[in-house]
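Notes to accompany the following structure.
None of these values were measured; they are calculated from a predicted model. Atom set for the values below is all heavy atoms of this structure, side chains included, hydrogens, waters and symmetry mates excluded.
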Amino acid sequence: MLKRYMMQREAGQVEESRSITREKQREMDKLRAEIKQALEDKRATEIMFQFAVGDDEVEWAILRQMAAEQRYRMLLNKARAMDVEWSKLRGFVL
């Protein structure tokens, strides 16, 4: 059966939907990891802000926190645009 499938594939009679699915799965896994890292960065900037001393450190912490929040929102919007039900994938939500 595998031999017949390989022959059909070589002849172009079989769709390559599995490779597209794998590619999309890799993209989703990468995006999930980026979102997780962005959330960790966002939380870290909140802690940095709490321990900032002096005007310069406070300003730097605020700017860094705003950038981390914007990156996190951007990645979440990118995930939403993929039109995938993330909660049903691999049994967990980010």
Side-chain angles (χ1 to χ4, degrees):
M1 186 163 173
L2 181 61
K3 187 175 181 180
R4 188 171 87 198
Y5 171 79
M6 294 302 287
M7 289 173 60
Q8 288 175 341
R9 184 175 167 196
E10 288 175 7
Q13 298 172 350
V14 176
E15 286 186 30
E16 291 297 322
S17 62
R18 288 184 179 176
S19 65
I20 293 170
T21 303
R22 285 186 198 137
E23 183 178 315
K24 187 167 186 168
Q25 185 65 46
R26 274 188 245 124
E27 181 183 346
M28 291 164 52
D29 289 343
K30 181 180 176 191
L31 184 57
R32 182 182 285 124
E34 286 182 49
I35 292 172
K36 185 177 179 180
Q37 182 63 48
L39 183 59
E40 290 173 10
D41 292 345
K42 183 178 172 296
R43 289 177 179 157
T45 60
E46 292 169 358
I47 293 170
M48 283 195 285
F49 177 75
Q50 292 175 0
F51 290 100
V53 179
D55 293 342
D56 290 340
E57 284 186 23
V58 169
E59 185 177 346
W60 176 76
I62 289 171
L63 292 173
R64 189 139 177 184
Q65 190 172 11
M66 289 171 53
E69 289 174 1
Q70 183 61 34
R71 181 169 187 266
Y72 181 66
R73 268 186 262 142
M74 177 195 67
L75 291 170
L76 288 179
N77 288 336
K78 186 176 178 181
R80 286 185 193 108
M82 289 181 79
D83 196 31
V84 174
E85 197 166 339
W86 289 87
S87 62
K88 291 187 177 182
L89 298 175
R90 296 198 178 182
F92 66 92
V93 178
L94 180 77

Taking side chain to side chain donor-acceptor pair (under 3.5 Å) as the test, write out the residues that go with Glu46, two or more places apart. Lys42
With a 4.5 Å limit on heavy-atom distance, are the side chains of Arg26 and Arg22 in contact? yes
Go through the structure and list residues passing side chain to side chain donor-acceptor pair (under 3.5 Å) with Gln37, not counting sequence neighbours. Asp41
Non-hydrogen side-chain atoms of Arg32 and Lys36 separated by less than 4.5 Å: no
Rounded to the nearest 0.5 Å, what separates atom CZ in Arg71 from atom CD1 in Ile35? 9.5 Å
By side chain to side chain donor-acceptor pair (under 3.5 Å), which residues pair with Gln70, not counting sequence neighbours? Arg73
Under the side chain to side chain donor-acceptor pair (under 3.5 Å) test, which residues partner Arg43, sequence neighbours left out? none
Interatomic distance, Arg64 atom CZ to Met48 atom CE [nearest 0.5 angstrom]: 4.0 Å
Kindly give the cluster partners of Phe49, where membership spreads through any ILVMFWY side chain lying under 4.5 Å from a current member. Val58, Ile62, Met66
Under the side chain to side chain donor-acceptor pair (under 3.5 Å) definition, can you give me all pairs with a residue in residues 50-61, not counting sequence neighbours? none
Would a 4.5 Å heavy-atom cut-off, applied to side chains only, mark Glu27 and Leu31 as touching? no
Gap between atom NZ of Lys78 and atom CD of Glu34 - 0.5 Å precision: 5.5 Å
